[in-house]
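I have placed the structure first, in the form of structure tokens, so that the comments after it can refer back to it.
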Amino acid sequence: MNTKKKMLLYNVIFLLFCGGLFLFLWRAPEETTARMPYDDTHQKFYTMQKKEADKQCSSCHNPEGVMPLPGQHPPKHRCLFCHKKVAR
Ligand code: HEC
Ligand code: HEC
């Protein structure tokens, strides 16, 4: 193979790799992350602006609260970005 073809091949492989990584990251949270329950505690957040709601989650979801986050929890600002609402 000449150099030009090799470069093209490397670029294609690189792009495929990036695409795969992107799809992986994009899909992973959507399918496994627990959704925010629709119960008495969380109901009010369904009608609230997401940014407003996010600020109030940690009043209960903190180490001393009713339901602490698991130890391995990812970075946690913007709760509702990952913990989607359940369909009603
Ligand atoms: C008044 C306290 C309180 C507030 C505020 C609160 N939660 Fe919760 N949350 C709970 C309790 C208690 C549970 C466990 C029982 C249940 O499912 O309601 C829980 C459970 C959860 C779960 C786990 C559900 C599961 O299937 O394991 C998620 C996700 C969650 N809350 C997200 C949120 C988000 C996002 C917010 C902010 C918009 C929030 N919570 C605000 C008390 C609260
Ligand atoms: C970057 C994505 C992300 C953000 C932002 C985020 N979480 Fe999580 N959370 C996760 C993942 C992933 C898990 C572990 C897998 C699961 O949901 O069971 C988890 C687990 C939890 C659990 C335990 C669920 C269970 O069933 O054991 C609660 C409660 C929770 N998160 C609440 C919150 C709250 C409250 C916030 C905002 C302060 C928040 N999360 C922000 C991704 C996120």
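One-based numbering, in listed order, for ligands and for the atoms of each. Everything numeric here is computed off the predicted structure, so don't read it as measured data.
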Lys85 side-chain N/O to Tyr46 backbone N/O, donor-acceptor pair under 3.5 Å
yes
Less than 4.5 Å apart, any side-chain heavy atom of Asp40 and any of Gln43?
yes
Under 4.0 Å from a heavy atom of His77: which atoms of ligand 2 are those, numbered in the order shown and with their elements?
5 (C)
Indicate, with yes or no, if Met48 and Tyr38 share a hydrophobic cluster defined by side-chain heavy-atom contacts under 4.5 Å among Ile, Leu, Val, Met, Phe, Trp and Tyr.
yes
Return yes when Gln72 approaches ligand 2 closer than 4.0 angstrom through a heavy atom, no otherwise.
no
In this structure, which one of Glu52, His83, Lys50, Met36 forms a side chain to side chain contact (heavy atoms under 4.5 Å, CB included) with Phe45?
Met36
Subset of ligand 2 atoms that lie under 4.0 Å from at least one heavy atom of Pro75:
1 (C), 4 (C), 5 (C)
Go through Lys6 and Leu9 one step at a time and tell me if the side chain to side chain contact (heavy atoms under 4.5 Å, CB included) criterion holds.
CA-CA 5 Å; Lys6 254 190 199 159; Leu9 185 68; 5.6 Å; no
Show the short N or O contacts, below 3.5 Å, that ligand 1 makes with protein N or O atoms; if there are none, say 'none'.
| unit_1 | atom_1 | unit_2 | atom_2 | d |
| --- | --- | --- | --- | --- |
| ligand 1 | 7 (N) | His42 | NE2 | 2.8 |
| ligand 1 | 7 (N) | His61 | NE2 | 2.7 |
| ligand 1 | 9 (N) | His42 | NE2 | 2.8 |
| ligand 1 | 9 (N) | His61 | NE2 | 2.9 |
| ligand 1 | 18 (O) | Asp39 | OD2 | 2.4 |
| ligand 1 | 31 (N) | His42 | NE2 | 2.8 |
| ligand 1 | 31 (N) | His61 | NE2 | 2.9 |
| ligand 1 | 40 (N) | His42 | NE2 | 2.8 |
| ligand 1 | 40 (N) | His61 | NE2 | 2.7 |

So, the side chain of Lys76 versus the backbone of His73: is there a donor-acceptor pair under 3.5 Å, distance only?
no
Is there a donor-acceptor pair under 3.5 Å between the side chain of Asp54 and the backbone N or O of His77?
no
